[in-house]
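Just so we're on the same page: letters track the sequence lines, and every chain starts at 1. Below, each value reflects all heavy atoms present in this structure, side chains not excepted, and no hydrogens, waters or symmetry copies.
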Amino acid sequence: MNKIRLLFFATLRERAGTKALDLEIPADMTVRGLKEKLAAEYPNLRESMKSVLITINREYAFDEAVIPPNAEMALFPPVSGG
Amino acid sequence: MNKIRLLFFATLRERAGTKALDLEIPADMTVRGLKEKLAAEYPNLRESMKSVLITINREYAFDEAVIPPNAEMALFPPVSGG
Amino acid sequence: MSENFPTIFSITEDEIDLNDLLAKITLTSTGAAAIFAGMVRGETKRGDAHQTEYLEYEAYIPMAEAKMKQVADEIRARWESIEGIAIVQRIGKLYPKTPTVLIACTAAHRDTGVFEAARYGIDRLKEIVPIWKKEVGPNGEEWVEGEYIPKAGE
Amino acid sequence: MSENFPTIFSITEDEIDLNDLLAKITLTSTGAAAIFAGMVRGETKRGDAHQTEYLEYEAYIPMAEAKMKQVADEIRARWESIEGIAIVQRIGKLYPKTPTVLIACTAAHRDTGVFEAARYGIDRLKEIVPIWKKEVGPNGEEWVEGEYIPKAGE
C-alpha cells in the first residue's frame with residue numbers, strides 16, 4: 001500500500017468537507033481507480049468525479065496514470081482565476 | 001493683410017532660432033505661399049520646408065489651404081512622441 | 001542573455017502595485033510594456049446579467065506558482081523578443097473595481113509581440129493556473145467554474 | 001451611456017502613476033484593462049545600435065491634448081466595448097527606464113477589443129499627436145523624427 005495525500009479546492013473542498021485527506025491506496029492504483037474509490041466511499045463527491053481535474057505532484061494527471069508513493073494529489077474543478 | 005502667429009517646434013524651432021513669430025501676410029495666402037515666403041526669407045528654414053508639417057488653429061493643414069486671419073499656425077517635423 | 005531577464009510570479013493577498021511591477025521588469029534595453037489587469041466587476045451584463053458584492057479567491061499556491069512560471073516559459077518560447085514578465089494573482093476577498101490579476105510583458109519595441117504575449121499570458125493563466133473564485137451577490141454565492149480541461153503535459 | 005465613460009488625456013512633467021490612472025478608468029462594470037507603457041531605452045540594438053543618456057521631450061501642448069482626445073474618439077468609434085481611456089505623455093528630460101507614455105483602455109471583458117484598442121492608441125499617438133523627442137547620448141544629440149505624414153482631416 002502507498003500513502004498519498006489528497007488536497008481539495010473550491011467546490012471539491014466544500015463537497016468533501018475538508019481541505020486535505022491522507023489515504024493508503026494499492027501500489028498500482030491509477031487515477032481512474034482513485035476516482036472510483038472516492039465516488040464509492042464519499043457520496044458527496046460522486047457527482048464531482050465526472051468533471052474533476054486531478055493533479056499528481058502539482059502536474060495535471062489523467063485516468064491511466066499510476067499514482068506513485070507519497071504523491072501529493074489535488075482535486076478541483078476547472079480553474080477560474082484572473 | 002492678415003496677422004498670424006507662427007509657432008516652431010523641435011528641429012524647426014532650432015533652425016528658426018525662435019519659438020514664435022508674428023507675421024503679416026496677404027489675405028489670400030495659402031500654406032504653400034507661406035512656405036515659399038519662409039524659404040525665401042529665412043535661409044535656415046529653406047531645407048525644412050520640404051518635409052515640414054503645418055497646422056492652422058491646431059489642425060493639420062495642406063498646401064492649398066488659405067490661411068485665415070489671426071491663425072495660430074505651427075511648423076514642425078513628423079511627430080515622434082511616445 | 002535571456003537568463004538575465006526578470007520573471008516575477010506571485011500569489012498575494014496584498015494590493016497589486018503596477019508601478020512597482022513595471023519597474024521590476026524594465027531593463028535598460030526596454031522600450032515597451034503591455035500590461036493586462038483584471039478587476040472585480042460589480043455589474044455583469046453579458047450572459048446571465050447579475051451583480052457582484054465581492055469575489056473570494058482561493059489558490060493551490062505552490063502549483064499555481066509553478067504554472068505561472070510555465071506560462072512565462074511558454075511566452076518566452078513563443079516571443080523571443082520578450083524581456084521581462086510579471087504574473088501576479090491577488091487572492092482573498094476582493095471587492096468591485098479592485099485589480100485582481102496582472103500580466104505584464106516588456107520588450108525593446110512595441111511591434112515585436114508584447115501585446116500578443118500579454119494576451120496569451122492572461123488566456124493561459126485562466127486555463128491552467130489553479131485558482132478559483134466564488135462570486136457573492138445579492139442572490140447568494142456561486143463558484144465560477146472555468147471550461148478548460150488541461151491536456152497531458154500542461 | 002458612453003457619455004459617462006471616463007476619458008483622461010494629459011501632457012505632464014510628473015511621474016506617470018499607473019495605479020492611479022487605472023483606478024480612474026475602472027467602472028463598476030469594468031473587468032479588463034489593457035495598458036501600454038513606453039519607457040526610455042538606454043540601449044537600442046535595432047537599426048543603428050546606440051546608447052541614450054536621456055531624452056528631452058517637447059510638445060505643442062494644446063494641440064497635443066486635442067489630438068489625444070481625437071485618438072480616444074477614434075478608439076471609441078472602432079471598439080464600442082471600451083469603457084475608460086487614459087492617454088498620458090510625460091515631457092521634459094527623461095532618463096532610461098522611465099515610463100514616458102501610457103495608453104490604457106478598459107472594458108467589461110478582455111475579448112472585446114481592449115488589447116487592440118490600446119495598440120491602436122499608441123500607434124495613433126505616434127502618428128498624429130504633436131510631441132517630439134531629442135535623444136542625447138555619448139555621441140551628441142539628435143532629434144528623433146517620425147515618418148507619418150498626417151492626411152487631411154487628421
Side-chain angles (χ1 to χ4, degrees), chain B residues 3-23 29-36 38-39 42 44-68 70-82, chain D residues 9 11-12 16 36-41 55-71 87-92 94 98-103 119 121-135 141-154:
Chain B
K3 290 188 181 198
I4 62 164
R5 182 168 187 109
L6 299 186
L7 305 174
F8 299 95
F9 293 95
T11 43
L12 271 286
R13 175 176 51 72
E14 293 192 343
R15 287 184 199 145
T18 183
K19 287 185 173 183
L21 195 63
D22 291 312
L23 279 189
M29 186 173 260
T30 61
V31 167
R32 176 182 289 118
L34 178 69
K35 282 158 75 172
E36 288 165 357
L38 291 171
Y42 300 86
N44 282 344
L45 293 179
R46 192 172 302 150
E47 193 58 29
S48 301
M49 287 305 109
K50 293 174 188 166
S51 61
V52 70
L53 300 186
I54 294 191
T55 63
I56 298 176
N57 297 330
R58 304 172 187 173
E59 290 292 347
Y60 290 105
F62 301 87
D63 281 355
E64 312 310 320
V66 175
I67 300 169
N70 301 309
E72 175 185 294
M73 297 186 66
L75 290 89
F76 49 74
V79 308
S80 61
Chain D
F9 43 92
I11 313 283
T12 179
I16 296 177
F36 175 82
M39 279 72 65
V40 178
R41 262 194 316 280
L55 296 179
E56 180 97 45
Y57 283 79
E58 170 175 336
Y60 177 14
I61 293 179
M63 180 170 165
E65 289 177 341
K67 289 292 152 189
M68 285 177 165
K69 167 83 166 58
Q70 178 181 322
V71 171
I87 305 179
V88 179
Q89 172 78 51
R90 188 171 177 189
I91 58 172
L94 297 171
T98 308
T100 58
V101 67
L102 173 136
I103 310 267
R119 175 69 196 264
I122 183 61
D123 286 349
R124 287 297 276 162
L125 179 133
K126 285 171 176 265
E127 287 178 347
I128 66 167
V129 179
I131 300 163
W132 306 270
K133 57 194 173 201
K134 187 167 62 176
E135 201 165 344
E141 56 180 56
E142 187 173 11
W143 283 94
V144 183
E145 289 203 3
E147 293 172 1
Y148 191 80
I149 307 297
K151 294 182 274 291
E154 284 188 328

(request) Answer whether the closest heavy-atom distance between the side chains of Ser80(B) and Lys126(D) falls below 4.5 Å. (result) no
(message) Within the 4.5 Å heavy-atom criterion, are Pro130(D) and Phe76(B) side-chain neighbours or not?
(response)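 They are in side-chain contact.
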(request) Sort out for me which of Ile131(D), Val101(D), Ile149(D) touches chain B most, counting heavy-atom pairs under 4.5 Å. (result)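 Answer, by heavy-atom pair count under 4.5 Å with chain B: Ile131(D).
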(message) For the CD atom on Glu154(D), are there more than 12 heavy atoms of other groups (residues, nucleotides or ligands in this structure) within a distance under 6.0 Å?
(response) yes
(request) Check the surroundings of atom CD in Gln70(D): do more than 12 heavy atoms from other residues, nucleotides or ligands lie under 6.0 Å from it? (result)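 Count over threshold, so yes.
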(message) What I want to find out is whether Lys134(D) reaches Glu14(B) closely enough, with some N-O distance under 4.0 Å, to be called a salt bridge.
(response)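 Yes, this pair counts.
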(message) Taking Glu59(B) first and then Lys67(D), would you say they form a salt bridge - that is, a charged N and a carboxylate O separated by under 4.0 Å?
(response) yes
Minimal non-hydrogen separation, [X] against [Y], with atom names:
X         : Y         : result
Glu127(D) : Val79(B)  : O-CG2, 3.3 Å
Pro78(B)  : Glu145(D) : CD-OE1, 4.0 Å
Ala74(B)  : Tyr60(D)  : CB-CE2, 3.4 Å
Tyr57(D)  : Gly82(B)  : OH-O, 2.7 Å

Please flag which part of [X] lies under 4.5 Å from any non-hydrogen atom of chain B: side chain, backbone, both or neither.
X         : result
Ala64(D)  : neither
Val144(D) : both
Ile103(D) : neither
Ala66(D)  : neither

(request) Give the intermediate values and the outcome of side-chain contact (heavy atoms from CB on, under 4.5 Å) for residues Trp132(D) and Thr11(B). (result) CA-CA 9 Å; Trp132(D) 306 270; Thr11(B) 43; over 6 Å; no
(request) Please look at Phe62(B) and chain D and tell me whether the side chain, the backbone, both or neither of the residue comes under 4.5 angstrom of a heavy atom of that chain. (result)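 Contact with chain D: side chain only.
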(request) Could you walk me through whether Met63(D) and Tyr60(B) pass the side-chain contact (heavy atoms from CB on, under 4.5 Å) test, one step at a time? (result) CA-CA 10 Å; Met63(D) 180 170 165; Tyr60(B) 290 105; 3.5 Å; yes
